[in-house]
Asker: 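Handing you this structure, nothing more for now.
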Amino acid sequence: MTSIPKPPIRHPSLQKNALGLTKRDYEGAMSTLCAGCGHDSVTAALVQAFWELNLPPHRTAKMSGIGCSSKTTAYFMKQSHGFNSVHGRMPSVTAGANAANRDLTYIGISGDGDSLSIGLGQMAHAIRRNVNMLYMLENNGVYGLTKGQFSASADIGSTSKKGEANEQAPIDPVTLALTLGATFVARSFSGDKAQLIPIIKAGLAHHGFALIDVISPCVSFNDHEGSTKSYAHMREQSVELVDADFVPLRREISVPEDHGTVTVVQLHDGSSVRLRSPDEQYDAHDRDMAYQHVRACQLRGEVATGLLFIDDAARDLHEMNRTVTTPLCDLPFETLCPGSAALGALMERYR
Amino acid sequence: MTSIPKPPIRHPSLQKNALGLTKRDYEGAMSTLCAGCGHDSVTAALVQAFWELNLPPHRTAKMSGIGCSSKTTAYFMKQSHGFNSVHGRMPSVTAGANAANRDLTYIGISGDGDSLSIGLGQMAHAIRRNVNMLYMLENNGVYGLTKGQFSASADIGSTSKKGEANEQAPIDPVTLALTLGATFVARSFSGDKAQLIPIIKAGLAHHGFALIDVISPCVSFNDHEGSTKSYAHMREQSVELVDADFVPLRREISVPEDHGTVTVVQLHDGSSVRLRSPDEQYDAHDRDMAYQHVRACQLRGEVATGLLFIDDAARDLHEMNRTVTTPLCDLPFETLCPGSAALGALMERYR
Amino acid sequence: MSGTNDFAFKIGTVNGTGSASANGLLMQAIFRMGIPVTGKNIFPSNIQGLPTWYEIRVSKDGYNARPPQIDLVVALNPSTYQKDVATVRPGGYLLYDSSWPMDPELARADITILGVPFGQMCIETFERDRDRTLLRNIAYVGALVALLQIDMQVVEQMLNEKFGKKKALLEANHTAIRLGYDHALTHLPCPLPFHLERMDKTSDCILIDGNTACALGAVYAGATVGAWYPITPSTSLMEAFKAFCQKYRADAESGLNKYCILQAEDELAAAGIAIGAGWMGARAFTNTSGPGISLMQEFIGLAYYTEIPAVFFDVQRCGPATGMPTRTQQADLLSLAYASHGDTKHIVLFPANPKECFEMSVTAFDLAERFQTPVFVASDLDIGMNDWMVPKFAWDDAYRPDRGKVLDAAALEQVQKFSRYVDADGDGIAARTLPGVGGKGAYFVRGSGHDKHAAYTEDSDAYQEVVDRIARKFEHAALAVPKPVLHLQDGSDVGVVTIGSCDGAVREAVDRLREQGIHVDLMRITAFPFGPEVREFLLRNGTTFVVEQNRDAQLRSLLAIETGAPRDTMIPILDYSGLPLTATNVVATVSQFLAEVPS
Amino acid sequence: MSGTNDFAFKIGTVNGTGSASANGLLMQAIFRMGIPVTGKNIFPSNIQGLPTWYEIRVSKDGYNARPPQIDLVVALNPSTYQKDVATVRPGGYLLYDSSWPMDPELARADITILGVPFGQMCIETFERDRDRTLLRNIAYVGALVALLQIDMQVVEQMLNEKFGKKKALLEANHTAIRLGYDHALTHLPCPLPFHLERMDKTSDCILIDGNTACALGAVYAGATVGAWYPITPSTSLMEAFKAFCQKYRADAESGLNKYCILQAEDELAAAGIAIGAGWMGARAFTNTSGPGISLMQEFIGLAYYTEIPAVFFDVQRCGPATGMPTRTQQADLLSLAYASHGDTKHIVLFPANPKECFEMSVTAFDLAERFQTPVFVASDLDIGMNDWMVPKFAWDDAYRPDRGKVLDAAALEQVQKFSRYVDADGDGIAARTLPGVGGKGAYFVRGSGHDKHAAYTEDSDAYQEVVDRIARKFEHAALAVPKPVLHLQDGSDVGVVTIGSCDGAVREAVDRLREQGIHVDLMRITAFPFGPEVREFLLRNGTTFVVEQNRDAQLRSLLAIETGAPRDTMIPILDYSGLPLTATNVVATVSQFLAEVPS
Ligand SMILES: Cc1ncc(C[n+]2csc(CCOP(=O)(O)OP(=O)(O)O)c2C)c(N)n1
Ligand SMILES: Cc1ncc(C[n+]2csc(CCOP(=O)(O)OP(=O)(O)O)c2C)c(N)n1
Ligand code: SF4
Ligand code: SF4
Ligand SMILES: [Mg+2]
Ligand SMILES: [Mg+2]
């Protein structure tokens, strides 16, 4: 019900997947995000991935916290149940839902504020529990919904719309997850469908906790310093016009389909980010190599993307807790209640 | 006021330090921990370190959360103000205290439950803020005060007093802190005074957040599996006698003063831990090398100890926030209140 | 008052020395002699080395409150001799370990001090340090067997049951018992004027604590997901749930678990897990205590507004903040009833003993699903961790869980359009669907403003329509929750209202008052929101006393807010010592008041 | 009622299009014409693309509540035309952007619809997309200048002030203004029957929002540590504090900051930071809204029990859970008054407008240090984020902070022994020391049970002694907090009680009622705990109406609990629409009640 035309999700044809569903069947309510918001691109990629994987929408549960990113669970798969919970606490709600019903596909959507500040502890412990879910961290370095405060992933020196520079070292969800023992760790960019969609499909296929750190620019507030084409620069001519509530309309940022291992992406403010996707030799099964690769890229001023680590042998929450294969919520009461005879016998042990 | 004789903190003489204070002046209330608890050894090491550094007790603030470990702030330096706050939230209280008064020495004492479960987010963000404090994580792999549940640092396969094995991968505070950008990261063992005391002194001297992960065995509940001398084994002859509330008296575990780079320490339950302290070549200024060293030890089944990483150039909370050198709590009101003239002028800007 | 089968004794030891099992042995022996008995454990918040006490009350009339006085103290912890001597009622006895001399200063003319060299005897008799420490406890049991005429056969029988297979151990225990017993018989005035005689008043009863009972209730209610973060005094609830599940919930073929217990990283996560599981349609719960309730406030509000069932056990402890974690109190009443910011109100159940813990635990799961809302069971440390003598629990195999209004695939076929928050039946309860059902069933749960179709809204009317219905839902809940327990007397002089674990002491007080010719109408609150009976009772008795265990008269506040009974018609009788209530203070306040204001 | 200098109009646009500044321009122009004016921003909880409204009320009599009716709607958002048309009062006007045709279906016989092709004119006049979007806002301002007879000189003067240095921009704005103005003059019935005429009623007033005022108060009170986690509608409070500090708190020589603002990782940490700093002796605060208050509950209890000063600003928003973050409400009253588990009670201040925000912000820091306890300032979105016309703030340079009882090194010299929690003066307030002071001053802060010497205790008496003193402390606080504001009339027929931002609407209602011959005594609550005046007022007026903005009559509950006034003598008048209160409902309820029950 927003009045801003959204970049339409293209349907070359209304082609059907194996379930006889078209991509429309995987869409949701109209996005209320800013035009050009990276999060909308991620939503589009999710629609594509779920459609391609022939996943029945009603067998998927969409989980999120609070934030612009967290709102997006409403913008795809309207035939799925969704749970927009409280800020930073989506992981625990998902762990509980998954514990009760292991048969659904769980996709959690969060932001860098939701996951790295208020939600850091919960994300860390969902990783430790290896909850079987795809965890999308839509990372824009700011608190979008509350209008652009720095998040814990903001780069040092990055400047806010109010002009102050961030002083604190950013938290990198990828090295953090690798350190915490995550069993699937990947990174991509909201505009890089060619890379993002396959990674999403891999994450959905992974048995356990799959983290995808998606760089997803906030067109309204990710105002990096130094760039001559940044808001800071535009402000020179028009700051008084650009009131806090003015948000210029933008198109989503996307990268060419067939890029090499290093891609340079221009952001709206004119700054750029270098993405490095792993080459052929890269072994995604070695946690320490993955960590070193990501750090090496960081030191080169590059962002390592792609599927960086996977442990496909790890046991998930249910295996660690040895639960029955039937979802707990489907067990008939008769098989759960010991009954009066057992109680009678038990009572004797308290005498 | 406990009835169990505690391992007396030895005073070879009542020698005075540069402030003319004896070690007694650095002691606190009588410990109420179990006899032989590793935490008491850490307390003794702290007394020694503060005494040797000639730190005036009243210029130190002792901070803690909740747990047996967190109780120990009461057991040293009775002339210091202490703050036993709430479970897992000591880092934020310390950040606030430090923000208000940058001139005091801050020592925070926490446990693995306090820091790695409920307090993970706060510890991570204290690291990010580089709060100028020494953070002692007294790590025993269990929740001692609540009687032995697994903590997030419990080893896989380690079994509880009730006999069940831990399934989840442990969180290692050292690699976590390195990943989060901590500026001082060290590890030691409660009984290894020769190594621990110098590290504590270094941590107190560090300008910024100094983490020391101290392996500090819980004699009552750290019941590792597999060991023939574990409680599990003893239970064979005497389980009914060993009621939940029976705790055998133990002596603290300590290691010989002059051990080589690898030390094997026998724990009360008969299990052992291999400690590796870095050799001469080791460069404690390279974050990535430190990370790799710790991981390499882990994979060899060893625990890397010693001062593992230090960044002595980093800026602390106050430098990042550009606060005045005078403690904020000491600024005279007159220098803080703009006064009526300024207000009058300001009012015109709201017309 | 004290006499045969009607007295109380207290044992003071050091925690971590193994006396708990010995004290349990004593309790159980008396119970097996058919004599009503209660025990109150008064323990410190550490693991080893601090003073700990165990109070045992023997009451042929079945009073289970803390005793008004202590006839005998067994003092085995020199650091508390002074306190212990002071505890003995005039004319009473103190038994101590004479292995080490007691400061004569401490002697009191009006009590008899008896000594037995328990420590010495054990050192002489046993080799291993641990045995010397542990068997000293059995030795004092032996002495009490002689002094109180506990049936030795019963005790030896229990030792056999316990150590039957372990000959050496059995030996050692029998020896230890005899050490104390023989020494007492030969050197002490056995039996004491107050002692035991077999009765038959316990045959259809059990000794059990409330946390175990809550856990058992959860198992019988069909709960499958339990999430928690350890905290005294609620920890043993989840430990019991796990033990019962291991016993009753292993799948016949696979041996896999028909339950999932998650130790969360904190209480916020524990609440989130329970809510996530409740949303999925599993019966889920979490157990905690005051500090956890504070941390769960945000999630509680979410479950209230999104209308998701979940059960929260609050085993209340003493004080604000960390307070005294090993002491009891009823001070979370306001925090629970109106938990979370904004307009909220919750169903809270108040068991008075372990039997009600078992029953209300089941009721809580039914109410949570029926009203699609978080339900609290407000127990406390006294109920939760002490052994109470209560009638055996019963179970009706015809019981089936009340799942509330849930539309499955078939039911969805029948409806044109599914709207999550529409009040079809006028009872304020809207039908829900469970994730995975498909068809028209999908909807979006959000803690943000939503209309009756569960769609996002910032429209005043659409928003109010939903919160107004939720308010209506609670009016219906007030009629569905357990009714207050009334004890009425004709020609009563005054009304007394109480709650939870105050029950025993207040009923004992009512009897004492009747002996004084004062007739009291008693109402025990068992649930919030209050049903009409509560208001009626308060209005009927012009002035009432409200007995509760907190400083700020929180129950009285709830009564004033919800029933409209004027605050000042309710006189608070408050105990926030952290110890279980005794009848004494209640009797005194009421009789004194009536003396002043002749009705 | 509407007429010259007495009417209201509403502008409907799409958020993210820059209309806020244009609306501000309108408000300020009217204000500078000397005419009392208020604006209410009704905005969505997203960043771009959703409907947003701005209501401007012009009131020669100075009424600042939401207007009872809207005379003119400026409809620039096609997606809300329907709603907007319905909003216009019979006989009123709708002005829309006729660049794109409006569905004739929407027309209403009883209103006049005016069209101006704002969009088209801007497209024709300006090149850049952004200018076309932004200057469209200035164009509708131009039209309103003509329709309402806003003083064009004032407007142009303001544009000059704003863009003086930027010629091109200035040009563009003047052009845009003229576009709207000229088109309106030639095609529309200017002026409308209700319009503006210069007055001199605003010369000693300002236009300011409550969050800015709270922040300014914190600066003047000498607060140096601010900790927060962003949340609507409290975010702008810390942003304003930062801006003021940058202006007033740079050290003369070094240029370094004489303040420290920490953006915490969450609200728990924000509370912890404020408490840590308060313990150290700095004046510290945090600002949040409902969800944050829920998350801070545990820390609040810690500060209460350990007696540490800290100020908490709660800018209340609408609903339980996330609710409607951009709507207003007063529904945290119970959550604040008794925040945290266990027996707790807190000082809460209730400003009614930005001026009181400034003053109570200072008072809050004084009370927090004097009573060594957390103090809450309960504002709301309406006060916090809307621009209010209030008298200029004044400051007495003789003011010095009340630091409460703090023993410094010198004072410690004088005492034998320092015991942190001893009530030396009988006012329930014990002297504290600040860390670092040395000498006898050191003590150990613990949230666990402690005695009056701050030593750990599990002893009932020692524990009770401390919590009893804290209770006494709050009896004294009740006498020290701001008194209620009373508006009494002789021969009054009924009493009305209200709180916070209801003030304007209720006072307007009182005037309307007086015109109907109904005389009302009005009491506005400004603080909790309540002083004796509150109880007196309630008892004096047998029946009172309690006007508040929440569903569950939370203020009435607090009054029933704390004053003893029977609940049913207080008739609730509730508004929880999320929008600021209007006088209408209050007038109707009171007059109707008196009609039924003739007094
Ligand atoms: C408990 C609580 N605190 C604060 C908020 C306010 N809030 C809403 S979203 C948000 C941050 C969102 O940032 P992020 O997760 O990065 O999402 P983004 O908008 O950037 O996509 C905050 C602080 C809240 N809703 N709840
Ligand atoms: C909010 C809250 N939840 C739970 C508790 C109960 N509790 C006290 S200490 C503790 C764990 C302590 O473990 P750790 O930090 O490892 O300390 P240790 O006793 O092992 O030294 C817990 C869960 C509490 N005090 N507060
Ligand atoms: S504010 Fe930023 S993150 Fe939020 S919707 Fe707009 S562009 Fe996206
Ligand atoms: S329980 Fe463990 S951690 Fe706690 S005091 Fe005893 S030995 Fe130490
Ligand atoms: Mg973000
Ligand atoms: Mg531990």
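Naming convention: chains lettered A, B, ... in sequence-line order (proteins, then strands); numbering from 1 in each chain. All values below were derived from every heavy atom in this structure, side-chain atoms included, with hydrogens, water molecules and symmetry-related copies excluded. All of these numbers come straight from a predicted model, not from anything done at the bench.
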Asker: I need the residue from D:Leu333, D:Thr306, D:Thr322 with the largest number of non-hydrogen atom pairs under 4.5 Å to chain C.
Answerer: D:Thr322
Asker: With a 4.5 angstrom heavy-atom cut-off, which part of C:Ser45 approaches chain D: side chain, backbone, both or neither?
Answerer: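 Both backbone and side chain.
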Asker: Below 4.5 Å from any heavy atom of chain D, which atoms of C:Tyr456 appear? Answer side chain, backbone, both or neither.
Answerer: side chain
Asker: Between D:Ser335 and C:Ser340 (side chain of the first, backbone of the second, donor and acceptor by atom type, cut-off under 3.5 Å), is there such a pair?
Answerer: yes
Asker: Closer than 3.5 angstrom, by distance alone: can the side chain of D:Asp343 be matched with the main-chain N or O of C:Arg551 as a donor-acceptor pair?
Answerer: yes
Asker: Is C:Glu562 in contact with chain D via its backbone, its side chain, both, or neither, using a 4.5 Å heavy-atom distance?
Answerer: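 For C:Glu562, the backbone is the part near chain D, not the side chain.
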Asker: Only pairs of heavy atoms separated by less than 4.5 Å count here; which of D:Asn550, D:Leu302, D:Thr457 has the most with chain C?
Answerer: D:Asn550
Asker: With a 4.5 angstrom heavy-atom cut-off, could you sort out which part of C:Phe474 is near chain D: side chain, backbone, both or neither?
Answerer: neither
Asker: Quick check on the interface: out of C:Ala560, C:Cys318, C:Ala553, C:Ser460, who has the most heavy-atom pairs with chain D under 4.5 Å?
Answerer: C:Ser460
Asker: Looking at D:Thr344, D:Thr569, D:Ile293, which has the largest count of heavy-atom pairs under 4.5 Å with chain C?
Answerer: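 Result: the option with the highest number of such pairs is D:Thr344.
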Asker: Please flag which part of C:Glu458 lies under 4.5 Å from any non-hydrogen atom of chain D: side chain, backbone, both or neither.
Answerer: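 Both parts, backbone and side chain.
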Asker: Just by distance, do the side chain of D:His341 and the backbone of C:Gly292 share a donor-acceptor pair under 3.5 Å?
Answerer: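 Pair absent, no side-chain N/O of D:His341 close to backbone of C:Gly292.
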Asker: Salt-bridged, C:Lys83 to D:Asp461, with N to O below 4.0 Å?
Answerer: no
Asker: Would you check, one step at a time, whether the test side chain to side chain contact (heavy atoms under 4.5 Å, CB included) holds for D:Gln464 with C:Ser577?
Answerer: CA-CA 7 Å; D:Gln464 280 165 272; C:Ser577 62; 3.6 Å; yes
Asker: Return the set of residues passing salt bridge (Lys or Arg N to Asp or Glu O under 4.0 Å) with C:Asp468 (not counting sequence neighbours), or none when no residue passes.
Answerer: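 Not a single residue meets the salt bridge (Lys or Arg N to Asp or Glu O under 4.0 Å) criterion with C:Asp468.
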Asker: Check each atom of C:Glu298 against the heavy atoms of chain D and say whether the ones under 4.5 Å are side chain, backbone, both or neither.
Answerer: both
Asker: Counting distance only, does the side-chain N/O of D:Arg567 pair as donor-acceptor with the main-chain N or O of C:Pro566 below 3.5 Å?
Answerer: no
Asker: Looking at D:Ala339, D:Ala565, D:Ser289, D:Gly290, which has the largest count of heavy-atom pairs under 4.5 Å with chain C?
Answerer: D:Gly290
Asker: Is C:Tyr576 close to chain D through its backbone or its side chain, or both, or neither, when contacts mean heavy atoms under 4.5 Å?
Answerer: both
Asker: Heavy-atom pairs under 4.5 Å with chain C - which of D:Gly319, D:Gly301, D:Ala303 has more of them than the others?
Answerer: D:Gly319
Asker: What verdict does the side chain to side chain contact (heavy atoms under 4.5 Å, CB included) test give for D:Leu334 and C:Leu334, after you've listed the backbone C-alpha separation in whole Å, the side-chain angles of each residue and the deciding distance to 0.1 Å?
Answerer: CA-CA 9 Å; D:Leu334 281 167; C:Leu334 280 167; 5.6 Å; no
Asker: Under a 3.5 Å distance rule, please check whether C:Asp332 uses its side chain to pair with a backbone N or O of D:Gly342 as donor and acceptor.
Answerer: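 Pair found, side chain donor or acceptor close to backbone of D:Gly342.
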Asker: List the residues meeting salt bridge (Lys or Arg N to Asp or Glu O under 4.0 Å) with C:Glu265, not counting sequence neighbours, and say none if there are none.
Answerer: A:Arg129
Asker: Hey, which of D:Leu559, D:Thr563, D:Leu558, D:Leu579 has the most heavy atom pairs under 4.5 Å with chain C?
Answerer: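 Greatest number of close heavy-atom pairs with chain C: D:Thr563.
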Asker: Should C:Arg327 and D:Asp459 count as an ion pair when the cut-off is N to O under 4.0 Å?
Answerer: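 So C:Arg327 does not pair with D:Asp459 through a salt bridge.
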Asker: Given heavy-atom pairs under 4.5 angstrom as the criterion, report whether the side chain, backbone, both or neither of D:Leu336 touches chain C.
Answerer: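 Neither; nothing under 4.5 Å.
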